[in-house]
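Read the structure below first, then the notes.
These values consider heavy atoms only, across backbone and side chains, with no hydrogens, waters or symmetry-generated copies. Since we're looking at a predicted model, the values are computed, not measured.
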Amino acid sequence: MKFVVVANGVFNDVSALSSLLFLFTAVALATTTQAGQFGVIDPPYKDPTVPVEDRLSILSIEFEVKIELYVQFYGISTSKWSVLNGGESAPSPDTTVSEWADMIDGFQRSALSTRLGIPIIYGTDAVHGLNNVYGATVFPHNVGLGAARDENLMVRIGKASALEIRATGIPYTFAPCIAVCRDPRWGRCYESYGEDTELVRKMSKIILGLQGVPPHNHTYGYPFVGTGESRNVMACAKHYAGDGGTEGGVNEYNTVASYPEFFKIHMKPYLDALAMGVSTVMASYSSWNGVKMHANKFLLTRVLKQQLGFQGFIITDWEGIDRMTSPPGSDYKNSVKTAINAGIDMVMIPNNYQRFIKDLSELVLCGEVPMDRIDDAVRRILRVKFISGIFDQPMADRSLLGMVGHEKHRELAREAVRKSLVLLRNQKIHNKRKMLPLNRKAPKILVAGTHANNIGYQCGGWTITWAGKSGNTTIGTTILEGIKSKVSKRTQVVFEEKPDQQFINNNSDFSYAIVVVGEPPYVESSGDNKELTLPADGVETIQNVCEKLKCLVIVVSGRPVVIEPYVEMMDALVAAWLPGSEAGKGIADVIFGDYDFHGKLPRTWFRRVDQLPMNWGDLNYDPLYPFGYGLKMNLSQRSKPRIIPSSSTPKSSASS
């Protein structure tokens, strides 16, 4: 392969920059051929009956092209190359599924109109369902699925998510996150399935649902995506590696560990991902022993590509090259050289893509980035494109439009909510029956708390917008609505978001109260939290209500928070994590006794933040609730109707 650059910025020779731009100017992570003028296309590379590796040779070696440097970065504008849907770059929140499909098909038509006709890869952060699209099914975040500990459920969620993603024409999701979160102060801890490596490995089975199940003789490390009627998507294992182990739980910081310890805790989930044929791996912003992952040739090339045999492509995180230095972009050209030589195959460039192309072109021309490094990256990207089937079916499948938010998917999400709930406390009332399950025929109940009637809060970050937000941001069932649908028609349900003491004193006839509080939505570094306390209004609501009324407290959060000071005033306590759009129905199913609790803590619930980091197996392990803890109501042992007397009777301090 030859690489020639002319002063005016035009690349000559297909191997050369059919390579360079395929790979790198993959502005924002969805990449492919650039716009411009191409040579004659040789039909065999588009023939699906030709073996993939032969198609790669035909396309990368036999085509000579002139590629004008023209690339469009991420966004909603017309692009013939790579497209990323990330951050706040999605269409407006109320964009319909059909409009999404129209937009992405427009991108594909533009790409297919070029002489090479190579379709784009459009990627999106569909990390708990098709969470960027209004009306899609929003599943519980990973921490909740880790509590459910159900591998079959993970595969089914992956399949449902893939169908909804493909309905929009999107063939690629930046999921799953297989980080092992070792410190809940980390703002991305809810994106992790838990603190235990083996638990994360089991939950990574979602890849089989997203991409399909490889044949028994599948080559380890070789990408696999089911094609035809399977309607799968390309998956991305992230963030390679050690992102969940940073000191102090600081996002994008440094993980300090020997290689054996690092491999044992943070690398093992990638072994499973490669065995399942994961198509892509995303590098982490974080560092290992002071070396940025985007610059770590040992882990990216020697370990992942050579020792483990990964044959898909490695992609940067958003502006990953910029963030290799502090301040970001302060030594950009050198960062480009370091990252590409370390093994990065595709680069997310939301801004200033011209600088990247210029710098990389010069680096290749002067020999600081070898041509075989470019060739390797291009082959990896094209390999994934061929395997994914987008050459054969580049356009959105309009028959799938009705699958977005389909009732079957919502029922699956409801099941996931039920299984993710963890019962932490269930006290006896007046030394008799325990608080849960609740009496659905109680005359009058109080529902309180900031998270009781707020879909945005129960879904958390990465929902419609990047950071998520308060309000009924998408279609779903709030916890209040779920409660109302489950109780008797004769039961009076009173909702008071922030009841003060006067309200409680003036309303002493409640049979019991359900208090739903937790964390507001957050994402990435904005979620880093050294205190991990509930918001003040949440604490006040617990104190005002639970000191006077029999109460169930439901905590909606992406991680354990400080609750020890208030536990003794609670009659029952449930960790609901970030349960998604179907939280209302799923939670009501369990607290009223239609189903028993299933979930077990996916991470240790600490007493005080000064204990952190604290994980199962550590010395001086002294949690409030240990990893794996979770009570049951033992519904099969109950035969009598549930009757809880009015709270006019003083609360009992009995415990069990």
Is there a donor-acceptor pair under 3.5 Å between the side chain of Arg414 and the backbone N or O of Ala583? no
Would you kindly say whether Thr96 and Tyr134 are connected by a side-chain donor-acceptor distance under 3.5 Å? no
What pair of heavy atoms forms the shortest contact from Thr478 to Asn454, and how long is it? CG2-N, 3.9 Å
What pairs with Thr463 under side chain to side chain donor-acceptor pair (under 3.5 Å), at least two apart in sequence or on another chain? His128
Scan side-chain atoms only and decide if Gln211 and Ser279 contain a donor-acceptor pair under the 3.5 Å cut-off. yes
For Glu164 and His406, which heavy atoms make the closest approach, and how far apart are they? OE2-N, 4.2 Å
Asp397 vs Arg231, salt bridge (charged side-chain N to carboxylate O under 4.0 Å, His left out): CA-CA, chis, key distance, verdict: CA-CA 9 Å; Asp397 184 347; Arg231 293 160 174 172; 3.3 Å; yes
Go through the steps to decide whether Val143 and Tyr193 satisfy the test side-chain contact (heavy atoms from CB on, under 4.5 Å), and finish with yes or no. CA-CA 5 Å; Val143 65; Tyr193 295 112; over 6 Å; no
Report, as yes or no, whether the 6.0 Å neighbourhood of atom NZ on Lys159 holds more than 12 heavy atoms from other residues, nucleotides or ligands. no
Could you tell me whether a side-chain N or O of Tyr172 sits under 3.5 Å from a main-chain N or O of Thr280, the two making a donor and an acceptor? no
Tell me whether the count of non-hydrogen atoms from other residues, nucleotides or ligands lying under 6.0 Å of OH in Tyr222 goes above 12. yes
Begin from the C-alpha positions of Val225 and Val233 and carry the test side-chain contact (heavy atoms from CB on, under 4.5 Å) through to its verdict. CA-CA 7 Å; Val225 181; Val233 295; over 6 Å; no
Donor-acceptor under 3.5 Å (Ser192 side chain, Arg188 main chain): no
Could you tell me whether the side chain of Pro119 reaches within less than 4.5 Å of the side chain of Leu112, counting heavy atoms only? yes
Carefully, step by step, assess Glu99 and Thr168 under the rule side-chain contact (heavy atoms from CB on, under 4.5 Å). CA-CA 8 Å; Glu99 289 170 337; Thr168 63; over 6 Å; no
Across all chains, not counting sequence neighbours, the side chain to side chain donor-acceptor pair (under 3.5 Å) partners of Asp392 are none
Is the backbone of Ile120 close enough, under 3.5 Å, to the side chain of Gln108 for a donor and an acceptor to pair up by distance? yes
Please name all residues satisfying side chain to side chain donor-acceptor pair (under 3.5 Å) with Asp272, sequence neighbours left out, ordered by chain then number. Arg201
Mark yes or no for whether Ser526, through its side chain, and Tyr522, through its backbone, hold a donor-acceptor pair below 3.5 Å. no
Whether His294 side chain and Asp317 backbone form a donor-acceptor pair below 3.5 Å: yes
Separation between CG of Asn232 and CD1 of Ile207, rounded to the nearest 0.5 Å: 12.5 Å
Is it true that a side-chain atom of Arg383 and a backbone atom of Gly312 form a donor plus acceptor pair closer than 3.5 Å? no
Can we say Asp596 and Lys419 salt-bridge, meaning some charged N sits less than 4.0 Å from an Asp/Glu carboxylate O? no
List the atom of Gly194, the atom of Val200, and the distance in Å for their closest heavy-atom pair. O-CG2, 3.7 Å
Side chains of Asp376 and Lys305, heavy atoms from C-beta outward: is any pair under 4.5 Å? yes
Any side-chain heavy atom of Val590 within less than 4.5 Å of one from Ile587? no
Ile455 and Asn472 have their tightest heavy-atom pair at N-OD1, 3.5 Å
Just by modelled atom types, is the Ala342 backbone N or O under 3.5 Å from a matching donor or acceptor in the Thr301 side chain? yes
Donor-acceptor check, side chain of Asp589 to backbone of Asp594, threshold 3.5 angstrom: yes or no? no
Using ring centroids (six-membered ring only for Trp), state whether Tyr240 and Tyr270 fall under 6.0 Å. yes
For residues Met282 and Thr316, determine if any side-chain heavy atom of one lies less than 4.5 Å from a side-chain heavy atom of the other. no
Show your working on side-chain contact (heavy atoms from CB on, under 4.5 Å) between Leu56 and Phe386 and close with a plain yes or no. CA-CA 9 Å; Leu56 287 173; Phe386 284 134; 3.7 Å; yes
Heavy-atom distance under 4.5 Å between the side chains of Trp577 and Arg559, does that happen here? no
Once rounded to the nearest 0.5 Å, what's the spacing between atom OG1 of Thr473 and atom NZ of Lys469? 7.5 Å
With the side chain counted from C-beta on, respond yes when Ser286 and Asp243 share a heavy-atom pair under 4.5 Å apart, and no when they do not. yes
If we ignore hydrogens and angles and just use 3.5 Å, is the side chain of Thr173 paired with the main-chain N or O of Asp125 as donor and acceptor? no
Taking atom types as modelled and ignoring hydrogens, do the side chains of Asn251 and Trp186 form a donor-acceptor contact shorter than 3.5 angstrom? yes
Of all residues at least two apart in sequence or in a different chain, which pass the disulfide (SG to SG under 2.5 Å) check with Cys459? none
With sequence neighbours left out, write down each residue that passes ring-ring contact (aromatic ring centres under 6.0 Å, His included) with Phe224, or none if nothing qualifies. His218
Derivation and outcome, salt bridge (charged side-chain N to carboxylate O under 4.0 Å, His left out), residues Asp150 and Lys205: CA-CA 10 Å; Asp150 187 328; Lys205 294 292 193 303; over 6 Å; no
Minimum heavy-atom separation for Thr227 to Ile387, with atom names? CG2-O, 3.6 Å
Can you give me the closest heavy-atom contact between Ala160 and Phe139, atom names plus distance? CB-CZ, 4.0 Å
Do His239 and Cys177 make a side-chain contact, defined as non-hydrogen atoms from C-beta onward lying under 4.5 Å apart? yes
Tell me whether Lys585 is salt-bridged to Glu411, with the criterion being a basic N under 4.0 Å from an acidic carboxylate O. no
For Arg398, check side chain to side chain donor-acceptor pair (under 3.5 Å) against everything at least two apart and list the hits. Asp102, Asp105
When you compare the side chain of Tyr122 with that of Met103, does any pair of heavy atoms fall below 4.5 Å? yes
